[in-house]
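Below is one structure, written out as structure tokens; the observations come after it.
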Amino acid sequence: MDVKKYIASGILELYVAGTLSEEENAQIHGYAKEYPEIQREIEAIEAAILALGEASYSGTPDFSSLKEHLERPKNPKVISLSGNWAKWKVYSGWAAAAVFAIGFFWSYIENGRLQSKMDFVNQENQVMEQQILEARNAVSDTEKLLNTLRNKDINVVSLDGQEASPNAYAKAYWNKKEQKVFIDALGLPEPPKGMVYQVWSLKLNPLTPTNLGLLKDFSTHENKVFTLLNPNESEAFGITLEPEGGSESPTLERLYTLGAIAS
């Protein structure tokens with residue numbers, strides 16, 4: 001077979017464009033295995049189509065590779081294609097190939113964009129799920145706290161503002177059975193830098209204060225309810241403002257709230 005004339009006939013362009021019958025495709029596939037020149041020509045045509053597709057997507061199509069193939073002298077006598085019909089089929093094949101290439105690259109880009117959108121949506125969903133989970137945990141913690149404070153063994157003590165801060169207020173929820181006291185400090189002002197609130201259990205006659213602990217990390221505490229141990233026979237509770245680290249005895253000049261336990 002005259003390989004050069006076969007290549008020049010234009011049938012390989014139709015083969016790449018996918019416009020031939022199954023028998024013709026099988027025949028050309030066999031020729032490509034038998035003749036390396038035909039295989040190289042097929043690869044060159046495919047490369048030209050890919051280049052066209054890439055250039056078309058970039059907005060600057062370059063048809064020089066196509067022109068090189070189309071302007072090659074054709075010899076329609078080698079196969080059963082003749083005259084204008086042969087040329088028309090070749091050009092039609094090239095047109096189909098070009099449309100296929102452009103469509104392929106467009107689909108590739110669109111699929112990439114779609115995948116990016118899907119990844120973004122999935123990421124948003126994961127963030128939302130995490131936020132819902134955290135909200136559920138917060139509600140659960142709040143319910144546990146409310147159930148604790150509503151316990152029948154709880155003694156509620158209102159702590160009113162004193163001279164150091166008349167508008168301050170707090171509440172103590174004392175569970176004598178469990179030896180715990182819950183301090184709701186929402187009504188206390190933000191402590192100055194280097195200072196901390198300290199809670200005291202008081203015996204009134206004579207006045208005997210016992211340190212129950214500090215309201216640590218007051219600024220960042222989420223609900224301002226602090227849990228402290230209280231094994232004492234308390235008659236009142238007081239909260240003072242003390243230097244960071246606390247004091248051995250309460251500073252009465254900085255007594256912010258005070259409340260007696262009802263007998």
Side-chain angles (χ1 to χ4, degrees), residues 123-124 126-263:
Q123 186 176 2
E124 280 191 329
Q126 291 175 0
V127 172
M128 182 64 71
E129 289 172 2
Q130 181 63 30
Q131 290 175 343
I132 292 173
L133 180 62
E134 291 175 356
R136 285 176 179 172
N137 291 339
V139 170
S140 177
D141 292 342
T142 301
E143 289 178 348
K144 289 178 182 177
L145 177 61
L146 289 175
N147 289 335
T148 299
L149 299 183
R150 290 167 178 166
N151 191 302
K152 63 182 179 64
D153 296 323
I154 289 287
N155 197 340
V156 183
V157 183
S158 294
L159 309 182
D160 299 324
Q162 302 300 302
E163 186 176 349
S165 182
N167 295 324
Y169 63 91
K171 277 192 176 182
Y173 298 84
W174 181 28
N175 189 326
K176 189 174 183 180
K177 183 178 180 181
E178 295 183 3
Q179 298 186 340
K180 290 181 181 179
V181 60
F182 302 89
I183 303 297
D184 182 356
L186 186 63
L188 295 177
E190 198 81 15
K193 187 176 182 180
M195 305 294 285
V196 65
Y197 288 115
Q198 189 166 356
V199 183
W200 305 90
S201 168
L202 304 173
K203 293 283 287 186
L204 298 179
N205 191 19
L207 182 62
T208 307
T210 302
N211 173 36
L212 295 184
L214 306 176
L215 305 186
K216 296 180 180 179
D217 303 319
F218 188 90
S219 300
T220 57
H221 200 284
E222 186 175 359
N223 53 32
K224 299 293 188 291
V225 176
F226 300 82
T227 305
L228 304 172
L229 294 178
N230 181 29
N232 307 284
E233 292 294 328
S234 303
E235 295 179 354
F237 295 105
I239 301 176
T240 60
L241 186 67
E242 305 292 343
E244 202 167 52
S247 301
E248 291 184 4
S249 59
T251 305
L252 297 181
E253 295 80 5
R254 291 196 294 270
L255 178 63
Y256 270 55
T257 61
L258 179 65
I261 300 169
S263 58

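Hydrogens, waters and symmetry mates are skipped; everything else that's a heavy atom, side chains included, is used.
Between the CG atom in Leu159 and the OH atom in Tyr169 there is a gap of 12.0 Å [rounded to 0.5 Å]. Interatomic distance, CD1 of Ile154 versus NZ of Lys180, reported as 10.0 Å (0.5 Å rounding). Atoms OH and CD1, from Tyr173 and Ile183 in turn, are 10.0 Å apart once rounded to the nearest 0.5 Å. For the atom pair Ile261 CD1 and Trp174 CH2, the distance stands at 4.5 Å (nearest 0.5 Å). One finds the CG atom of Asn205 at 8.0 Å from the CD atom of Glu235 (value rounded to the nearest 0.5 Å). To the nearest 0.5 Å, atom OG of residue Ser201 and atom CD of residue Glu233 are 9.0 Å apart.
Of the residues Thr240, Asn232, Thr210, the one that meets the side-chain hydrogen bond (donor to acceptor under 3.5 Å, both in side chains) test with Trp200 is Thr240.
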Review point. Does the side chain to side chain contact (heavy atoms under 4.5 Å, CB included) test come out yes or no for Asn223 and His221, once each step is laid out?
Key: CA-CA 6 Å; Asn223 53 32; His221 200 284; 3.1 Å; yes

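In terms of heavy-atom proximity, Leu188 sits nearest to Ala168 at CD2-CB, 4.1 Å. The minimum heavy-atom distance between Leu258 and Gly238, with the atom names listed, is CD1-CA, 4.1 Å. The shortest heavy-atom contact between Ala164 and Leu255 is CB-O, 3.5 Å. When all heavy atoms of Ala185 and Ala170 are compared, the closest pair comes out as CA-CB, 4.5 Å. Nearest heavy-atom pair across Val196 and Pro243 is CG1-O, 3.6 Å.
The neighbour count for Leu229 CG, taken as heavy atoms of other residues, nucleotides or ligands under 6.0 Å away, does not exceed 12. Within a 6.0 Å sphere centred on CD of Glu190, heavy atoms belonging to other residues, nucleotides or ligands number more than 12. Heavy atoms from other residues, nucleotides or ligands lying under 6.0 Å from NZ of Lys216 number 12 at most.
Every residue meeting the ring pair (Phe, Tyr, Trp, His ring centres under 6.0 Å) condition with Tyr197, not counting sequence neighbours, appears here in chain and number order: Phe218, Tyr256.
Checked by atom type and distance alone, the side chain of Gln198 never pairs as donor or acceptor with a backbone atom of Asn211 at under 3.5 Å. Listed for the Glu242 side chain is no donor-acceptor partner under 3.5 Å among the backbone atoms of Ser247. Judged by distance alone, the side chain of Gln162 and the main-chain N or O of Asp160 form a donor-acceptor pair under 3.5 Å.
Residues Pro192 and Leu241 have side chains in contact (heavy-atom distance under 4.5 Å, counting atoms from C-beta outward). Contact annotation: the side chain of Val199 approaches that of Leu215 to within less than 4.5 Å [non-hydrogen atoms, C-beta and beyond].
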